[in-house]
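The structure under discussion appears below in the form of structure tokens.
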Amino acid sequence: MALNKNRNTSCVQVSSSVQKAAFSLPIDADLIERLSLYTASAVNPKRYEHSVRTALTASRLCRRYGLDAQSGYFAGIVHDMCKDMDEDALFSLAVLDGHPVSGLEAEKKSLLHGRAAAVLLQKDFGVCNGDVLEAVRCHTFGKAGMGDLAKVLYIADKIEPGRAHSSEAYITQCMNLSLDTLLLAVAEENENYLKNQNKAIASDTFKMIQSLRGEIHGEL
């Protein structure tokens, strides 16, 4: 399953002012080590452990679905790098991507951490891999029509083995599904959890679920 190559060619995910500040670096072992050290210093130990488990799970899923495992690991290790950032700084960074802030994000600014991380990766670390930036930016809510690496990171974040419901048997069962079927199953599990907690479901998540149901089951 090949990645959409149009996502990899340029810095397309942030505003033009941030693009001018970016310098392109490949996703290689040196960059992974540099960003691993940065993430370890920027978040609390438990969150970093979650990031490592997410990275390993994303790498495993990438190998299963024919994607680049190194990009999957990198996206996993950095996806929460801004999660412990001061909310005002987080908001100021996230809005540089030029996308509107939803009511849910405005109410709970920590939900902007993926968008902020994507901007920071491009602006300060020279990451211009469109697949990685999209995956990091969209991992919180998901998005209809997102690329395969973004699907993998969304899934990995929610099924990594530190999650209470996620055993090795569960992960193995998940990996027997097609990528889109697995994405839908994980998104619906998350939707049910949020409903049970009386928490709002993001519009992007709802649209993604509806889109996947249409594609897989023919539902409107």
Residues that Ala94 engages under side-chain contact (heavy atoms from CB on, under 4.5 Å), provided they are two or more places apart:
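Ala94 satisfies side-chain contact (heavy atoms from CB on, under 4.5 Å) with Leu112, Arg115, Ala116 only.
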Output all residues satisfying side-chain contact (heavy atoms from CB on, under 4.5 Å) with Ser92, sequence neighbours left out; order by chain, then residue number.
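side-chain contact (heavy atoms from CB on, under 4.5 Å) check on Ser92 returns nothing, list empty.
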Contacts of type side chain to side chain donor-acceptor pair (under 3.5 Å), residue [X], not counting sequence neighbours:
X	result
Thr172	Glu168
Ser102	Glu105
Ser59	Arg63
Asn192	none

Which residue pairs pass the ring pair (Phe, Tyr, Trp, His ring centres under 6.0 Å) test with at least one member in residues 170-201, sequence neighbours excluded?
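Listed once each, the pairs are His165-Tyr170.
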Just grab all the ring pair (Phe, Tyr, Trp, His ring centres under 6.0 Å) pairs involving residues 131-152, residues at least two apart or on different chains.
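Pairs touching residues 131-152 that pass the test: His79-His139, His113-His139.
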Could you pull out all residues at least two apart from Phe91 that satisfy ring-ring contact (aromatic ring centres under 6.0 Å, His included)?
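Phe91 satisfies ring-ring contact (aromatic ring centres under 6.0 Å, His included) with no other residue.
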Can you sort out the partners of Arg47 under salt bridge (Lys or Arg N to Asp or Glu O under 4.0 Å), two or more places apart, ordered by chain and number?
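Partners of Arg47 by the salt bridge (Lys or Arg N to Asp or Glu O under 4.0 Å) criterion, ordered by chain and then number, come out as Asp84.
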Apply salt bridge (Lys or Arg N to Asp or Glu O under 4.0 Å) to Asp157 and list each qualifying residue two or more places apart in sequence or on a separate chain.
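Arg163.
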With sequence neighbours left out, which residue pairs that include part of residues 169-189 fulfil the salt bridge (charged side-chain N to carboxylate O under 4.0 Å, His left out) condition?
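Salt bridge (charged side-chain N to carboxylate O under 4.0 Å, His left out) check on residues 169-189 returns Lys151-Asp180, Glu188-Arg213.
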